[in-house]
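To start, the structure under review is shown below, and the notes come after it.
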Amino acid sequence: MFNALVLEQHEKQTLAKITSLDDDLLPDGNVTVNVDFSSLNYKDGLAITGKGKIVRQFPMVPGIDFAGTVADSQHPDYQRGDKVVLTGWGVGESHWGGMAEKARVNGDWLVPLPEGLTAQQAMMVGTAGFTAMLCVQALVDGGVKPEDGSVLVTGASGGVGSVAVTLLHALGYRVSAVTGRLEANQAWLKQLGADDVLPRESFSAPGRPLDKQQWAGAIDTVGSQMLANVLSQIQYGGTVAACGLAGGFDLPATVMPFILRNVRLQGVDSVSCPKAQRQAAWQSLTKLLPASYFEQACHTIALVQTPAYADKIIGGEIKGRVVIDIA
Ligand code: NDP
């Protein structure tokens, strides 16, 4: 038997409850993992509260990422006792996820726990931090260099945003962080590495198709009007990495930044990211994140607290990353 957070649906309402389950109920897969830590991402918040169509079938164990120890393996790359990490691949959406003492998955979805990180630290990074690294890489691949000017990060107090600020600073970029919680989080964002912190309101109203060129690049976790306004302020030849929709999934933009300023809009997906790119991203994260990040930007909760925190993440009330201690 093992304990899991289980989502059920009754009369179109999603209900979340900690339940003791028999091992026989674990889904198909060739690796069984004793989960040590999971984490809370925006997508988990949407799944647990039912506010987004994330879960494909019920009952579902949520948790789009986890770190743990292999209990049993029929996969050639993994043996009992190996430390592993999983993010994405539809886990916690269409396949039972990490908010449980045990998970059974396809071994191809796992990566070895990167050397230099504990399981808890790997989940302090989690899907959000991993995605932030993919966004930073997208800017580098787009040719954005520290000497080109400032890089803007939207939704900066959130999981993706806070890791993006930390990573960009570590790579020598000048970072401008956008937040809706200026007063509460300004000092903290500067500690993480932001050079300046800007209020969300200055990007909220519909702007001009082409505005003053201010940013060499941007990482956007918000979408909608925010992304449209960011695009209109990108310098000639700059790149925007777009990964999120915390402000909405629409994009009320024009083609002007693309056709007159050679701006590149690079989408970033972490779920189906190929294995080689995954491992490279984890290696970069291990190298770049300072020890202070784990102390300043993360806190740990118990599984039983997760539904309450799911409401908070959807309400935009979480600062940094939330790790779930499962073991
Ligand atoms: P968080 O909730 O931790 O962070 C989102 C942040 O966005 C908030 O902290 C807040 O920051 C800001 N925000 C919230 N609501 C609004 C709003 N209505 N308008 C403007 N800003 C808002 O979420 P995550 O960091 O986990 O995820 C961020 C986004 O990235 C989500 O949309 C998520 O789905 C997406 N994502 C995508 C992935 C991919 O593979 N493409 C992977 C991981 C995440 P502040 O208070 O500082 O303004």
Side-chain angles (χ1 to χ4, degrees), residues 41-43 64 87-89 125-156 158-178 194 203 207 209-211 213-285 288:
N41 295 275
Y42 190 84
K43 199 187 256 181
I64 64 170
T87 67
W89 297 118
V125 175
T127 301
F130 174 69
T131 305
M133 189 66 237
L134 296 180
C135 289
V136 170
Q137 193 56 49
L139 297 191
V140 172
D141 294 346
V144 179
K145 298 184 204 65
E147 59 269 28
D148 294 339
S150 297
V151 173
L152 195 70
V153 176
T154 65
V160 178
S162 59
V163 180
V165 167
T166 310
L167 291 171
L168 288 165
H169 175 71
L171 284 165
Y173 288 90
R174 193 177 185 288
V175 184
S176 295
V178 182
F203 294 85
L210 289 175
D211 209 332
Q213 300 184 46
Q214 298 185 62
W215 320 109
I219 293 178
D220 179 64
T221 70
V222 172
S224 196
Q225 190 64 54
M226 174 84 77
L227 177 54
N229 289 347
V230 169
L231 284 165
S232 74
Q233 296 177 7
I234 297 294
Q235 286 167 207
Y236 191 92
T239 294
V240 177
C243 73
L245 42 58
F249 64 79
D250 59 332
L251 180 54
T254 76
V255 297
M256 300 308 244
F258 309 121
I259 65 174
L260 294 180
R261 291 186 179 162
N262 224 51
V263 167
R264 182 195 291 199
L265 176 57
Q266 179 62 55
V268 172
D269 164 62
S270 65
V271 175
S272 307
C273 174
K275 191 158 186 170
Q277 202 184 340
R278 261 173 208 274
Q279 284 180 316
W282 277 107
Q283 263 165 24
S284 301
L285 283 159
L288 290 172

If we ignore hydrogens and angles and just use 3.5 Å, is the side chain of [X] paired with the main-chain N or O of [Y] as donor and acceptor?
X    : Y    : answer
S224 : M226 : no
D220 : T154 : no
D269 : V271 : yes

Identify the two heavy atoms, one from [X] and one from [Y], that lie closest to each other, and give their separation to 0.1 Å.
X    : Y    : answer
A241 : V268 : CB-CG2, 4.1 Å
G126 : T87  : C-CG2, 4.3 Å
N229 : G207 : OD1-N, 3.3 Å
V165 : A156 : CG2-CB, 4.3 Å
Q235 : A216 : OE1-N, 3.5 Å

Does [X] reach the side chain of [Y], with side-chain heavy atoms less than 4.5 Å apart?
X    : Y    : value
V136 : L171 : yes
I234 : P257 : no
L134 : Q277 : yes
V151 : V144 : yes
Y42  : T221 : no
L265 : L231 : yes
L167 : M133 : yes
C273 : F130 : yes

With Q233 as partner, the option from V263, V240, D211 fulfilling side chain to side chain contact (heavy atoms under 4.5 Å, CB included) is D211
Walk me through whether V125 and W282 qualify under side chain to side chain contact (heavy atoms under 4.5 Å, CB included). CA-CA 9 Å; V125 175; W282 277 107; 3.7 Å; yes
Pair R174, S176 - check side chain to side chain contact (heavy atoms under 4.5 Å, CB included), show working. CA-CA 7 Å; R174 193 177 185 288; S176 295; 3.9 Å; yes
Applying side chain to side chain contact (heavy atoms under 4.5 Å, CB included), can you list everything that pairs with A164, at least two apart in sequence or on another chain? A132, V153, I219
Could you verify whether a donor N or O on one side chain and an acceptor N or O on the other, from R278 and S270, lie under 3.5 Å apart? no
Distance in Å, L285 CG paired with T166 OG1, rounded so as to fall on 0.5 Å steps: 10.5 Å
Look up atom CG in L139 and atom CD in Q266, then write down how far apart they are to the nearest 0.5 Å. 9.5 Å
Contacts of R261 that satisfy salt bridge (Lys or Arg N to Asp or Glu O under 4.0 Å) - sequence neighbours left out: none
Run the numbers on S232 and L210 for side chain to side chain contact (heavy atoms under 4.5 Å, CB included), then give the verdict. CA-CA 5 Å; S232 74; L210 289 175; 5.6 Å; no
Over 60° means perpendicular and under 30° means parallel, so classify the ring planes of W215 and F203, tilted if in between. tilted
